[in-house]
Protein chains: 2
Amino acid sequence: MALMSKNAAAPAVPTRDRLLDAFEELLVEGGERSATLDAVAAAAAVSKGGLLYHFASKDALVDGLLARLDALALEDAENIRTAPAGPVDYLIRTSVHTGSPLDRAYIAGSRLAQGRDPRAMQVLTEIRRRWLSVIEDAVHDPDTAQAIMLISDGLYVNSSLAEHEQAPKNHTDAAMTRLIAVIGRLLPS
Amino acid sequence: MALMSKNAAAPAVPTRDRLLDAFEELLVEGGERSATLDAVAAAAAVSKGGLLYHFASKDALVDGLLARLDALALEDAENIRTAPAGPVDYLIRTSVHTGSPLDRAYIAGSRLAQGRDPRAMQVLTEIRRRWLSVIEDAVHDPDTAQAIMLISDGLYVNSSLAEHEQAPKNHTDAAMTRLIAVIGRLLPS
DNA sequence: ACAACTATACCGTCTAGCCGGTACAGTAGT
DNA sequence: ACTACTGTACCGGCTAGACGGTATAGTTGT
């Protein structure tokens, strides 16, 4: 023994990450307004003092979330580039809410941007720029790439709006396949 | 005389509308969080008591805004249907921020939806449904109509994010014309 | 000894909503 | 013509609670 386990004190997921998870979750589920320090601490099962030990202020919490989002998005750009079914297929299919860490972080970031946080707006703009760049490389025509990015953005808002319904209907796998077929008509070859 | 005028008491724009304008403006410029009752009253140059005379609660204020949005969107659906340059052209060109009353009301509604207000989500969903229906009538293929709607949605978020820059670059008139040309490739004939 | 917390008590500010009061226009009875 | 009253459109002050943040004393595992 010695080196590991013990009780829950060598936690599967560190408190700092649990706090960011809770912050994200509250932003996604209840919007900017519900993501208060008290609520975040409670959702992470940590005292308010404990939260402020890890993040000295709400700004620091926002910075932490945006940093994690940026890192996840950087990984994702690589996934898009190297996707077996091609970048466009991958981008479109992951533009509906998948529940992936990036997905949740991205929506949380959007909430902050809607609250006009300039840091959040900047990070989201940069992420979009990277995605666009990957699609441009794959598609060659900038106008077409732009249109594909817009469809991806549209899927995001759309699934954000319809999330409460249990059968999103427009976002089934079959619907995505049909949509990708339509997009295929945009391409020259 | 007798029936009208008097002093400034027959105001150019009624206080009730000025309050809704102020609420909208604050939502658009500063997000849900900044649109407090105090701020709305101040922006409309009305006391808080005056605000609460017209709208008994914040919920009532939200209802008022959503009702106005719904009415504007109903008019707009007709404008799209009868647009000289065609529904698709009109929809795409008015999906960037034009500063029109509908434009501002729609963005304000989006902010409320992001705050997870179910009424706002329902109204926005319904508006989108109407737009989609018009495009479907114009385009005949539902999948293509869906893709066009997504591009329209994408333009909205996009210009929401880039609003602070003064030269949006992707939303110039020329860029819109190129985008519409790309969309033209989606259509059969 | 140290890091990683918990628990509790505050503080100043903001927020939603309530309430009493005011000004004034119109109406109705006498 | 005067009085009494009603309805509309506000003002400004108030309160209870939420919020971000500070502080501090104590606990627990390594």
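In the text below, chain A, chain B and the rest are named by the order of the sequence lines, each starting its count at 1.
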Checking side chain to side chain contact (heavy atoms under 4.5 Å, CB included) against Leu150(B), which of Asp153(A), Leu150(A), Leu179(A), Ile92(A) comes through?
Leu179(A)
No-hydrogen, no-angle side-chain donor-acceptor test under 3.5 Å, Thr177(B) and Arg93(B):
yes
Looking at dG20(D), dA16(C), dT8(D), which one has an atom nearest to any side-chain atom of Arg33(A)?
dA16(C)
Can you tell me the distance, in whole Å, between the CG atom of Leu51(A) and the P atom of dC19(D)?
14 Å
Rounding to an integer number of Å, can you tell me how far Lys48(A) NZ sits from dC11(C) C1'?
11 Å
Modelled atom types, side-chain donor and acceptor of Asp76(A) and Tyr106(A), under 3.5 Å
no
Identify whether any heavy atom of Thr36(B) sits under 4.0 Å from a base atom; if not, whether one sits that close to sugar-phosphate; answer base, sugar-phosphate or nothing.
sugar-phosphate
Rounded distance (Å) that lies between atom C1' of dA9(D) and atom CZ of Phe55(B)
14 Å
Is there a side-chain polar atom (N or O) of Thr15(A) under 4.0 Å from OP1 or OP2 of dA4(C)?
no
Please tell me if His54(B) has a side-chain N or O lying less than 4.0 Å from either OP1 or OP2 of dC10(D).
yes
d(CG, Leu52(A); P, dT22(D)) in whole Å
8 Å
What is the distance, to the nearest angstrom, from the CG atom on Asp17(A) to the P atom on dA4(C)?
13 Å
Which nucleotide sits closest to the side chain of Ser57(A): dG21(D), dT6(C), dG20(D)?
dG21(D)
Between dC19(D), dG17(C), dG21(D), which nucleotide has the shortest distance from any of its atoms to the side chain of Lys58(B)?
dG17(C)
For dA4(C), take OP1 and OP2 only and decide whether either is under 4.0 Å from a side-chain N or O of Tyr53(A).
yes
In this structure, how many angstroms lie between the P atom of dT15(C) and the CG atom of Leu26(B), rounded?
11 Å
For the residue pair Ser100(A) / Asp103(A), report whether a side-chain donor-acceptor contact shorter than 3.5 Å exists.
no
Would Val139(A) end up clustered with Ile180(A) when hydrophobic side chains under 4.5 Å apart are linked, directly or stepwise?
yes
How many Å lie between CZ on Arg18(A) and C1' on dA4(C), as a whole number?
12 Å
Mind calculating the distance between CG (Leu37(B)) and P (dT15(D)) to the nearest angstrom?
19 Å
Using a heavy-atom cut-off of 4.0 Å across all strands, would you classify Ala45(A) as base, sugar-phosphate, or nothing?
sugar-phosphate
Which is more 5' along DNA chain D, the nucleotide nearest Ser34(A) or the one nearest Gly49(A)? Just name the residue.
Ser34(A)
